[in-house]
Amino acid sequence: MFLRFREEVIKTLGEYGDERFLRESEHSDLASTIAFKLAKELKKSPKEVADEIVEKIEVESDYIGSVESTNGYINFFASYEFLEDTINVILDEDENYGHLNLKGRILIEHTSANPDGPLHIGHIRNSIIGDTIARIFSKAGIDVKTHYYVNDMGRQTAITVLGVERFGLSDKKPDHAIAEAYVNANRLLESEPELEKHVEELMLKYENGDEEVVAKFVNAVNTALEGIKQTLGQINITHDEYIWESEFIRNGYVDKILKVLDEKNLIKKDGAWIIELEDFEKEVVVRRENGTTLYITRDLAYHLWKNENYSRFINVLGADHKLYASQLSKILEIIGLKPPEVIFFEFVSLPEGSMSTRKGKFISADELIERVKREAERILAGREIDDEEKRKIAEAVAVGAIRFDFVKVAPEKPMTFDWTKALDFERQTASYIQYSHARACSILRRAVEEGMPDLEFKGELCTAEERKLVMLLSKMPYFIGRVLNELRPNIFAEYVLSVASTFNDFYRLHPVLKADSELRMHRLAIVDATRIVLRNGLELLGIEPLERM
RNA sequence: GGACCCGUAGCCUAGCAGGACAGGGCGUGGGCCUCCUAAGCCCAAGGUCGCGGGUUCAAAUCCCGCCGGGUCCGCCA
């Protein structure tokens, strides 16, 4: 809805309707700073210019209530009609509110952690960003598919296979059992370096499709993935497909991409096949001297496949892959293929330093989920709610806290993990939003018990707080649009939080159920619309909107 | 050595296609439940927006240099 208001403002400004000078403002519903820019060339003060523009423009839009010139700013205020349409559209569209009616298909690849152990708290930053982006694209109307790219051909997979051969698998959760084998095998390799040869042989045989070795790899990888899927499921994340990199060897895409590169004369054959790239110090090897391929070769093949099947594809990657990704993109561009759009996120580290699966130095996502859940249960222990519901609430609050803590931080910010913060619900976080939602539900529940009246929102009844809340509610599609353009899910988390906070201001100052009939219908409409925005917002963040807590 | 990212009150964080007093939260001090859920709300203290230059009518935001932290530069993935 806000998007419509914005368009009307641009239209009203006519020749001055440059989007670059539109600002959201605390002084108005939308402000233009264009007078500051024009002041210089017109040799007048910004205030004079703004006054003249306001004088000149004619408001024909029903959505614009008034325009004012203040200190050089041109301030636009929404009309009652806009506020009324906002509430009515939200109530009418309900679970669809937020959609943008966009078309198209998109592929989002995220998580893609090596199948050599459980996901740790760095991996799930990837998963949470990727899943949230996927949900938001989907809401906008786009057909989204998500992929987990499985690195089954790496040295680390061969080492897990060695670990399983030597030590078997314990009866721990499958991904943790694989990690144990992996860590043990790494230790073994340190004491018996001659085993290195066996690892290489395993890799070679796997690439060449040796039946017995393939079975071992498939078993090890599937074991890890089984555990990984369980973990992701716990935080409401599923992938549409798991794509194994070995598939691209077996289905001919690797040969195909090597042929294309060769035909374009990009490859220098010096035993190994090498691509030299301008602007990069290091050359890229795409085929070893022994004839086997490298990670980037298979990834190029995967991206060839993506090009053939999707017009838009996004990868969520750790910042450590920046150089790699730019090499990949460069090569794709040279051969006329589209590079992926990439969302990079910085590392999650522990107070004592960075994590390492190989050294077994990490906090697993499972441990985090378990401990946060236990803490939520502890807080609920004294409440008068039956045990079954208590358990469900604790689970929803825990998952919400985890997802929100990761998604709210801008991807480019490095994070240091802190247990006391992870376990603290007494602050503005998912539970705060869930609580606000539950409050709205509670009011509506009582209203129904008392015989729900028709909801009727009236713009002219709005107090300042109500107006502020309704304006914010109108912005949900606008923020969804911004996430699509900027690929920064944290701005949406921030938005949902601000709705909850503004609703709490409203809640404190405005009795709803005790209000007289006209005001009561008006406020119930606001509460219901807020409930819808919070519910839809939480769902887009992958967090369960609780009706009571 | 080269490249990329980050640096906002004791701690965490928003803002960074330049513009109206730098928003929140945690923690600290004080206050609010005969009234729709106190996982809430209010008040107070706390800031050289890492440092130094520059561009501009205007810089947390853009440019240059430095400092601090992280990351990357394999015929690994």
Side-chain angles (χ1 to χ4, degrees), chain A residues 19-21 23 25-28 31 33 35-37 39-40 45-46 70-73 75 112 114 116 151 153-157 203 245 270-274 279-296 298-299 318-324 326-327 344-347 349 353-354 376 379-380 383 393 397 405 408-416 418 420-421 424-436 438-447 490-491 493-494 497-498 500-501 504-505 507-515 523-524 527 548-549:
Chain A
E19 283 190 56
R20 288 174 304 168
F21 302 108
R23 297 281 179 277
S25 163
E26 49 205 298
H27 303 275
S28 63
T33 57
F36 290 95
K37 271 287 170 274
K40 196 175 185 182
S45 72
T70 318
N71 301 329
Y73 295 86
N75 284 322
S112 303
N114 289 336
D116 55 12
N151 305 150
M153 300 200 67
R155 219 182 96 82
Q156 87 291 116
T157 312
M203 286 170 72
E245 54 173 334
D270 180 19
W273 292 16
I274 294 163
D279 310 327
F280 292 94
E281 283 181 31
K282 294 282 176 182
E283 45 199 18
V284 176
V285 177
V286 291
R287 191 173 184 274
R288 292 191 188 90
E289 209 163 345
N290 70 4
T292 56
T293 55
L294 290 99
Y295 180 77
I296 195 166
R298 294 159 231 140
D299 208 8
D320 54 333
H321 287 69
K322 277 188 179 178
L323 177 65
Y324 168 80
S326 60
Q327 289 172 329
F344 290 107
F345 64 95
E346 286 289 334
F347 267 46
S349 52
S354 51
I379 288 170
L380 277 164
R383 313 279 168 95
I393 292 171
V397 167
D405 273 354
K408 75 171 182 204
V409 179
E412 68 274 15
K413 298 268 190 187
M415 292 176 79
T416 305
D418 179 344
T420 50
K421 289 201 180 80
D424 180 12
F425 303 110
E426 307 293 317
R427 61 200 177 97
Q428 279 200 355
T429 178
S431 60
Y432 177 88
I433 303 169
Q434 287 169 313
Y435 183 74
S436 307
R439 269 183 158 175
C441 288
S442 170
I443 294 174
L444 293 162
R445 199 163 45 233
R446 283 173 173 248
N490 58 304
I491 61 180
E494 192 75 25
L497 187 61
S498 70
S501 173
N504 280 322
D505 287 341
Y507 182 91
R508 173 172 54 96
L509 297 165
H510 303 77
V512 176
L513 297 173
K514 289 198 177 63
R523 289 185 179 163
L524 278 170
V527 173
R548 53 180 101 221
M549 60 189 284

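First the proteins, then the strands, lettered A, B, ... as listed; each starts at 1. Computation of the quantities below employed the complete heavy-atom set of this structure, encompassing side-chain atoms and omitting hydrogens, waters and symmetry-equivalent molecules.
- Looking at L524(A) and L444(A), their side chains come closer than 4.5 Å, going by heavy atoms from C-beta outward.
- When rounded to the nearest whole Å, the span between CG of L444(A) and P of C36(B) equals 15 Å.
- Checking N151(A) against R298(A) by side-chain atom types alone, no donor-acceptor pair falls below 3.5 Å.
- Distances shown here put every side-chain N or O of Y432(A) at or beyond 4.0 Å from the OP1 or OP2 atom of C26(B).
- Between S354(A) and U71(B) there is a side-chain N or O to OP1 or OP2 distance below 4.0 Å.
- Atom NZ of K408(A) is separated from atom C1' of G23(B) by 15 Å (rounded to the nearest Å).
- The listed nucleotides are A39(B), A77(B), C35(B); the one nearest the side chain of Y295(A) is A77(B).
- Between I491(A) atom CD1 and U13(B) atom P the separation is 18 Å, expressed in whole Å.
- Because its glycosidic torsion is within 90° of 0, A17(B) is reported here as syn.
- Regarding contacts with the backbone of A77(B), a side-chain N or O of R298(A) is found under 4.0 angstrom from either OP1 or OP2.
- The side-chain heavy atoms of T157(A) and D116(A), taken from C-beta on, include no pair separated by under 4.5 Å.
- Residue-level contact check: V397(A) touches the bases, meaning some heavy atom is under 4.0 Å from a base atom.
- In this structure, CG of D405(A) is placed 11 Å from C1' of G25(B), rounded to the nearest angstrom.
- As judged by a 4.0 angstrom heavy-atom cut-off over every strand, D116(A) is placed among residues making no nucleic acid contact.
- Using a 4.0 Å heavy-atom distance criterion, A39(A) is classed as making no nucleic acid contact.
- The nearest whole Å value for the distance from the CZ atom in F425(A) to the P atom in G27(B) is 14 Å.
- Side-chain nitrogen and oxygen atoms of R23(A) include at least one within less than 4.0 Å of the OP1 or OP2 phosphate oxygen of G18(B).
- Two residues are said to be in side-chain contact when any heavy atoms from C-beta on lie closer than 4.5 Å; F345(A) and V409(A) fail this criterion.
- A cation-pi arrangement is absent between K37(A) and F21(A) under the rule of less than 6.0 angstrom and at most 45 degrees off the ring axis.
- Note on K40(A): a side-chain N or O is less than 4.0 Å away from OP1 or OP2 of C57(B).
- Residues Y507(A) and S436(A) have side chains not in contact (no heavy-atom distance under 4.5 Å, counting atoms from C-beta outward).
- Base orientation at C6(B) is anti, since its O4'-C1' glycosidic dihedral falls outside 90° of 0.
- Here the nucleotide nearest the side chain of V512(A), chosen from G23(B), C36(B), C76(B), is C36(B).
- Considering only side-chain N and O atoms, K413(A) lies under 4.0 angstrom from the phosphate OP1 or OP2 of A14(B).
- Taking only side-chain nitrogens and oxygens, R288(A) comes nearer than 4.0 Å to OP1 or OP2 of A77(B).
- Looking at which nucleotide of RNA chain B each of E346(A) and N71(A) is closest to, the 5′-most match is held by E346(A).
- Residue contacts for E412(A): at a heavy-atom cut-off of 4.0 Å it reaches the sugar-phosphate backbone alone, with no base atom in range.
- For P414(A), whose side chain is taken as the heavy atoms from C-beta onward, the closest listed nucleotide among C6(B), A39(B), C73(B) is C6(B).
- Contact annotation: R508(A) side-chain N/O to A38(B) OP1/OP2 distance is not under 4.0 Å.
- Relative to the side chain of R439(A), the nucleotides G15(B), C75(B), A38(B) differ in distance, and A38(B) lies closest.
- L513(A) comes within 4.0 angstrom of a nucleotide base, judged by non-hydrogen atoms across all strands.
- A14(B) sits 10 Å from A22(B) when the C1' atoms are compared, rounded to a whole Å.
- Heavy-atom distances to RNA chain B give each of H27(A) and A438(A) a nearest nucleotide, and the one nearer the 5′ end belongs to H27(A).
- Neither OP1 nor OP2 of G40(B) sits under 4.0 Å from any side-chain N or O of N504(A).
- Among the atoms of the strands shown, only primed sugar atoms or phosphate atoms (P, OP1, OP2) are found under 4.0 Å from some heavy atom of D320(A).
- Within the nucleic acid shown, Y507(A) comes within 4.0 Å of at least one base atom, counting heavy atoms only.
- Contact check, K282(A) against G74(B): a side-chain N or O comes under 4.0 Å of OP1 or OP2.
- A donor-acceptor contact under 3.5 Å links the side chain of R383(A) to the base of A39(B).
- Residue R20(A) is classed as a base contact, given a heavy-atom separation below 4.0 Å to a base.
- Within 4.0 Å (heavy atoms only), Y324(A) reaches at least one base atom of the nucleic acid.
- The two residues Q434(A) and M549(A) make their nearest non-hydrogen contact at C-SD, 3.5 Å.
- I393(A) comes within contact range of at least one nucleobase, with a heavy-atom separation under 4.0 Å.
- Nearest nucleotide to the side chain of I443(A), out of C36(B), C76(B), C75(B): C36(B).
- For K421(A), counting side-chain heavy atoms from C-beta on, the closest listed nucleotide (C35(B), C72(B), C11(B)) is C11(B).
- Straight-line distance from the CE atom of M415(A) to the P atom of G7(B): 14 Å, rounded to whole Å.
- No hydrogens or angles were tested; on distance alone, nothing pairs the side chain of T429(A) with the base of A39(B) as donor and acceptor under 3.5 Å.
- Which of A77(B), G70(B), A39(B) sits closest to the side chain of S431(A) comes down to A39(B).
- Side-chain atoms of L380(A) lie closest to A39(B) of the nucleotides U71(B), A39(B), C75(B).
- The shortest distance between side-chain heavy atoms of M415(A) and D405(A) does not fall below 4.5 Å.
- Looking at the side chain of S442(A), the nearest of the listed nucleotides C36(B), A77(B), A58(B) is C36(B).
- Residue contacts for D505(A): at a heavy-atom cut-off of 4.0 Å it reaches the sugar-phosphate backbone alone, with no base atom in range.
- A donor-acceptor contact under 3.5 Å is formed by the side chain of E26(A) with the base of C21(B).
- Side-chain proximity of D424(A) to the nucleotides C26(B), A20(B), C36(B) is greatest for C26(B).
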